[in-house]
Every structure is written in structure tokens, then in C-alpha cells.
Number of protein chains: 2
Amino acid sequence: MELTNKHITVIFKALCDENRVQIVRLLQNGEKCACKLLEALQCTQPTLSHHMKILCDSGLVVGRKEGKWMYYSISADGTEEAVNVLRELTKVGISESGGCCCK
Amino acid sequence: MELTNKHITVIFKALCDENRVQIVRLLQNGEKCACKLLEALQCTQPTLSHHMKILCDSGLVVGRKEGKWMYYSISADGTEEAVNVLRELTKVGISESGGCCCK
DNA sequence: ACGACATATTGACAAATTTCAATTTGTGTG
DNA sequence: CACACAAATTGAAATTTGTCAATATGTCGT
């Protein structure tokens, strides 16, 4: 599979915002409905909805609809992929000869 | 050690920008001087300098000054910490009972 | 000390992101 | 069907981020 810079940024943009990091932490002890997240966070419902969209788009979180409620949880597949992407991206390969391009 | 949401965002903000992701990829085959990065990227020198600062602040990249040149490379320690942080953050613990808070 | 060069910093502007109020969509219940 | 409720979408304002031109800082060679 290809791994564009764009795709990589989508994954890590999810964790660029303190509120979203907090949301992930809240999901660490299991699936939670949106309203529970909403009362834990200090933001409005549309703002939470926006953050959840970004988290879901990144693949780190998955949503499950049940009636009028929305349940969110950490995606094992998504987070594993994120760790792999981060490891791949920061893996150092064949070291080139040093020296500067400028004379 | 403590691990604030703020600290976590600093790490992952580094990988939020396509140019910075590209820079990390360029560093994968060894240390590079700023001017070499500059000719690979399509941006001005101040912009590159700005991105390098963010990458260094995140700990993922380290800089080494040699004369008038600046050499950058991927930090093994920094990237290992980033992977650990990501794994810690996305680790699912004791699953709580399901159900919605709303009646 | 002076000039040339590499990098960093400053200031300004454009683009993207975060946030909320208002509204819409979707779902279940009386 | 009408109402109530949960979540998503829209649109606008405030903030943050990315970018560049201009300038400053630091280093080397003459």
C-alpha cells in the first residue's frame, strides 16, 4: 500500500489537539457514548462532533451507532497502523556519506 | 515522568505538516545539512528553519552545529519515546460497562 | 577588520483550525 | 403524526499555523 505524506498527516493531526488527546484518554477504559464524552470535556456538542469526526477519519477511533446514540472506542487496528506508520517514518536506513552540499 | 496532553500534542504536531513529514523522510537515509534539505524542499530558508525548530522541539529530530552549517538527523531516543507515547496513549485498559449516560 | 555565506529571528499576511450559535437530520416514543 | 432527544451540519468569528521578505546573528576566509 502507498503511504503518502498527506495520509500520514491525517493520522497525526488527530493527536495535535489537546482536547482530542483527552478524548482518546477517556476512551482508554472502554467504549463511551458521545454524551458521556461531552460532559467530560468542556465544549459544546458541535465541537465534540467535529473532534470525533477528525479522530474517526484518522482511523484511531471508531464509531458505532445504536439508536440515537453514538458510541466511540479506540480502534485496535487503527492504532496499530499508526504505531507502524510512526515506526516506518522514523526508521533510519542506509546512512549516506556526511558532508554539506555547500562548499 | 508526567505526560501532559500538551506535551503529547507537541510531539505529534511535528508530523501534522506535509513538509515536515517530507523532511523526516529525507533524514531517513542519514544526517543532512540544512542547505541540502532546503534544495529538496520547495520553500524559503526561513520557512525551513521554522520547520526544523518544530521538529527539534518535538524531540524527533536533533540538530548539530558544525561551523556555519547545521546538520539534522532523526533522534533514536526521540522517536522511540514518540512510539512509546503513542502506544501508551492508545492502549485500552479495563473496559467499563457499556450503556449510555442518557436515559 | 571586512566581506561572503549559512542559519535564525522578526514582522506581516494568507490559509487552516478551533469554536460556538443556529439549524438540520435521524431515531424513538406517546 | 407530533414531539423529544442525540448527533451532525452549516456559517461565522477568533485563534493558530504556515509562509515569505527583510533583517540579524554567527562563522569562515582573506
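Every chain is numbered from 1, with letters handed out A, B, ... down the list of sequences. We use all heavy atoms of the structure for the numbers below, so side chains are in, but hydrogens, waters and symmetry mates are not.
Regarding contacts with the backbone of dG18(D), every side-chain N or O of T47(B) stays at 4.0 angstrom or more from both OP1 and OP2. Put simply, T44(A) has no side-chain N or O that comes within less than 4.0 Å of OP1 or OP2 on dT19(C).
Checked by atom type and distance alone, the side chain of R20(B) pairs as donor or acceptor with a backbone atom of K13(B) at under 3.5 Å. With hydrogens and angles disregarded, no donor-acceptor distance shorter than 3.5 Å links the side chain of E18(A) to the backbone of T4(B). Remark: side-chain polar atoms of S49(B) are not paired, donor with acceptor, to backbone N or O of Q45(B) under 3.5 angstrom. At distances below 3.5 Å, not a single donor-acceptor pair connects side-chain atoms of Q28(A) with backbone N or O atoms of I74(A).
The nearest whole Å value for the distance from the NE2 atom in H50(B) to the P atom in dT16(D) is 14 Å. Atoms NZ (K65(A)) and P (dA7(D)) sit 10 Å apart, rounded to a whole Å. Atom pair I54(B):CD1 and dT19(D):C1' shows a separation of 12 Å (rounding to whole Å applied). The separation between L48(A) atom CG and dA21(C) atom P is 15 Å, rounded to whole Å. When the C1' atom of dT17(D) is taken as reference, atom CZ of R20(B) falls 8 Å away, rounded to whole Å. Q45(A) places its CD atom 11 Å from the P atom of dC20(C), with the value rounded to the nearest Å. Rounded to whole Å, atom P of dG18(D) lies 16 Å from atom CD of Q22(B). Look at CE on M70(A): it is 11 Å from P on dT27(C), rounded to the nearest Å.
Of the candidates dA7(D), dC20(C), dG18(D), the closest approach to any side-chain atom of P46(A) belongs to dC20(C). For K68(B), taking side-chain heavy atoms from C-beta onward, the closest of the listed nucleotides dA6(C), dT19(C), dT9(C) is dA6(C).
Toward the 5' end of DNA chain C, the nearer of the two residues K13(A) and K53(B), judged by each one's closest nucleotide, is K53(B).
Residue C43(B) is in sugar-phosphate contact alone, with no base atom involved, counting any heavy-atom pair closer than 4.0 Å across all strands shown. Within the 4.0 angstrom heavy-atom criterion, no nucleotide atom of any strand lies near L41(A).
Under a hydrophobic clustering in which Ile, Leu, Val, Met, Phe, Trp and Tyr are joined whenever their side-chain heavy atoms come within less than 4.5 Å, directly or via other members, V83(A) and L89(B) fall into the same cluster.
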